[in-house]
Amino acid sequence: MGTVEHDWQEEQQRVDRMVDEIDKQIASLQQHVGSMKADIAKIRKNFWEDVTVNFDDAHEAAETYASIKQQAEVLSERERSHRHAENQLKTLFRLKHSPYFGRIDFKENGEKESEKIYLGIASLLDENEEHFLIYDWRAPVASLYYDYPPGPAEYETPGGTITGTLELKRQYMIRDGYIRSMFDTGVTIGDELLKEVLGKHSSTQMRNIVATIQKEQNRIIRNERSRLLIVQGAAGSGKTSAALQRVAYLLYRYRETLQADQIVLISPNPMFNSYVSTVLPELGEENMQQTTFYEYLEQRLAKTFRLETPFTQLEYVLTALHEPGYAARLEGIRFKGSTDFLQVMDLYIENLGREGISFLDVQFKGEVLISAQRIAEQFYSLDASLRIPNRVELLAKWLLAELEEKARLERKKPWVEDEIQLLDQEDFQRVYQELRRRKRFSGDTFNDFALEQKLLSEMIVNRHFKPLRETVKRLRFINMPAIYRQLFTLPNLHFIPHIKDLLPAEWLNICEQTLERLDRSELAYEDATPYLYLKERIEGFRTHTSVRHVFIDEAQDYSPFQFAFLKRLFPHSKMTILGDLNQAIFAHAVNSDFEQLSSIYGDIQTEKIVLTRSYRSTRQIVEFTRGIIEGGDRIEPFNRGGRYPTVTQAADTTELAAKIKERIRSLQSEGHSTIAVIAKTASECQEAYEALQGEMPLRLITKETISFEPGILIIPSYLAKGVEFDAVIIYNASQTQYGRESERKIFYTACTRAMHELHVYSVGEMSRFLRGLSPDTYIKES
């Protein structure tokens, strides 16, 4: 028997032993889980029987409370243990399918023998829980596997640096308890395991990458020093995957002090949230909080305005080139996302401390109880050295006191007596109980009619005044839309020092467009963050102090203003910023870069990691797509071969549809499960959907889509960001559709979604971005 066969046999025997051990632990844990489940059911059934209930006096009530609390804590502890055991079971079942993916033989300096260390998605201890049979990929020693070839190596532990020699690095592909492939990296040229993984068909869910983490990705995952970690990564470089493994690593590393709900992922759209939702559960961890920036804005502003979505804004930018006012809107989008506008807002807010805050009358039954003018006078009479939110808080207390006085006067009015006559029996019973409590009741009748009337009047007026008090407590007496509107009704803002030099050339037109929308109770997407910033600076910021880590994906699509807002929103969080400047497709992102983040976040520990190697696409697709953008030669393709992209011209839309249908049939016959027809805009997607209907099932993806299934998808370019497909068909890459320089990055983004095949079509003249490519990077078809 040869050496390779002998090694393979020995390794398979070890896998068999691991599967047997896992089966034993599963059986034991299942028995334990069953026992706990029965115990929980029993506690729930007998909960009140095991609690002493007595409310006769304060002492007995306190004992009753303590008894209930103790029983509830017992139940809660059992339920926690049960959930933990259930999660352990899920992990064991995953380990049984594929116990580990790697092995390193490491000889620590000073030791006589090396230790064989097997790495999997979770740890496995022997039956005595003394020795590791499998190490979790997040354990400190596992960094050797990701960071070093055989030879001198070292890794960090909480106790210091361990140095030694990595004698063997072996990779496995184990499925259903059987080794499908195995090789030593010192023998095999190239990363065969990575090639095998990347060569598979795409999935509607992102996979975990623990078996194929690269050294540069490992730096992202295990970074613990930086308060601000910026990852600039080429399309398909694995930055999002690395970020999700980073979340899993942090939950493992700080498992005693960090919970999943203290981590927030801000992603580009709801469909992306669905796409990444299975990665952490696969690794035995709970999902972090997931949202989009727009969802947060909508939750805060939807009761006041009809809020434009970022995708509606982008549709306008892509399609309204020849509409009146386009240039002003475009400049407005860019300016309102800039640090210059942030400076304008800060100067404006500083001035509001002296004058200009608008308030609303406090009204009751059509009459003004407290006028807006009187509220303003009271506000500006307060100590001007106090911050605006502190003065607003004092103003609210004053208003509540004023309302109390107004309520006292209101009780004597005729309408109150009229309502007393209409009260139901329940209200009278409530007053009866109050009189009894005051020991003013004897026999069968009230002995104090005046007190009864007073209590009934108080009850009625309090009931009517409750919404007014809520209005004051929620600071709804501040006329925030008017305050924001005022910024655009004073065109040159000469009365505020230093502002004029910050305003753009189109400022008057920007003001006019903004006021038109505000008058319709609409808020453009570019106004949403500034408006909310103004609101928070006046009312006080609603900060999320419990959040410890924030991950922002597709960060190139955020404006400097939005980053400054997020910094205030999460003041105590470490930030992981992930993006690709070559995919910056929003108008406010023109000429932006991540260098501005350092000035926004100030003097904090910052690290920037640049990922230049692209893993998603075949070498042929990467060599094609990198020619589309400036500086694309810095992008390195992973050496996975495939077919060349094709470029095809059609005479008209009828011929275009026929050619694409033929291509889709061919791709389906080759087994591709996700085929994306990517059009530039939503309207073009609708056109493509109608043109391709009939012979095959199609799914039209819109901004409301929250998940996608395998099949043929018609999807706008901007919604395809962050996801990948077996094959991509660019619906119409003509000069008409992709001719402006501002459309270069959106075209690049669409093309880089392809894993295995890319086919580009155009009606008439091809885009200049295609004409500039080397003919050696694609096949031209007729």
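None of the values given here were measured: they were computed from a predicted structure. Throughout, residue positions are numbered sequentially from 1 according to the sequence presented.
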Please determine whether a side-chain nitrogen of the Lys or Arg among [X] and [Y] lies less than 4.0 Å from a carboxylate oxygen of the Asp or Glu.
{"X": "Arg334", "Y": "Glu331", "answer": "no"}
{"X": "Asp527", "Y": "Lys336", "answer": "yes"}
{"X": "Arg517", "Y": "Glu526", "answer": "no"}
{"X": "Lys721", "Y": "Glu554", "answer": "yes"}
{"X": "Glu781", "Y": "Lys659", "answer": "no"}

So do the side chains of [X] and [Y] get within less than 4.5 Å of each other, counting heavy atoms only?
{"X": "Asn732", "Y": "Tyr761", "answer": "no"}
{"X": "Ile629", "Y": "Ile635", "answer": "yes"}
{"X": "Leu265", "Y": "Val550", "answer": "no"}
{"X": "Ser762", "Y": "Leu770", "answer": "no"}

[X] side chain to [Y] main-chain N or O, any donor-acceptor pair under 3.5 Å?
{"X": "Arg616", "Y": "Arg753", "result": "no"}
{"X": "Gln217", "Y": "Ile213", "result": "no"}
{"X": "Thr625", "Y": "Cys751", "result": "no"}
{"X": "Glu655", "Y": "Ala651", "result": "yes"}
{"X": "Lys745", "Y": "Leu581", "result": "yes"}
{"X": "Ser573", "Y": "Met575", "result": "no"}
{"X": "Ser614", "Y": "Ala235", "result": "yes"}
{"X": "Arg94", "Y": "Glu282", "result": "yes"}
{"X": "Arg180", "Y": "Met173", "result": "no"}

Going by atom types alone, do [X] and [Y] pair a side-chain donor with an acceptor below 3.5 Å?
{"X": "Glu315", "Y": "Thr319", "answer": "no"}
{"X": "Thr312", "Y": "Thr309", "answer": "yes"}
{"X": "Thr240", "Y": "Asp553", "answer": "yes"}
{"X": "Gln686", "Y": "Glu684", "answer": "no"}
{"X": "Thr648", "Y": "Lys780", "answer": "no"}
{"X": "Thr612", "Y": "Glu636", "answer": "yes"}
{"X": "Thr646", "Y": "His759", "answer": "yes"}
{"X": "Gln693", "Y": "Tyr689", "answer": "yes"}
{"X": "Gln262", "Y": "His549", "answer": "no"}
{"X": "Thr618", "Y": "Arg643", "answer": "no"}
{"X": "Arg640", "Y": "His756", "answer": "yes"}
{"X": "Arg744", "Y": "Tyr748", "answer": "no"}
{"X": "Ser673", "Y": "Asp726", "answer": "yes"}

_So for atom CD, which belongs to Glu630, do other residues, nucleotides or ligands contribute more than 12 heavy atoms lying within a distance under 6.0 Å?_
no
- Query: Got more than 12 heavy atoms from elsewhere within 6.0 Å of CZ, Arg634?
  - Reply: no
On a heavy-atom basis, the closest approach of Ile621 and Met755 is CD1-O, 4.0 Å
Smallest heavy-atom separation, Thr749 atom then Asn582 atom, equals OG1-O, 4.4 Å
How are the rings of [X] and [Y] set to each other: parallel, tilted or perpendicular (split at 30° and 60°)?
{"X": "Tyr525", "Y": "Tyr294", "answer": "tilted"}
{"X": "Tyr296", "Y": "Phe565", "answer": "tilted"}
{"X": "Tyr738", "Y": "Phe747", "answer": "tilted"}
{"X": "Phe311", "Y": "Phe586", "answer": "tilted"}

task = Would you please test Arg246 and Thr576 for side-chain hydrogen bond (donor to acceptor under 3.5 Å, both in side chains) and show each step?
result = CA-CA 10 Å; Arg246 173 168 167 74; Thr576 302; 3.2 Å; yes
- Task: Kindly indicate whether a cation-pi arrangement holds for Arg329 with Tyr316, taking the cut-offs as under 6.0 Å to the six-membered ring centre and within 45° of the axis.
- Result: yes
Residues passing the side-chain hydrogen bond (donor to acceptor under 3.5 Å, both in side chains) test with Tyr178, sequence neighbours excluded, are none
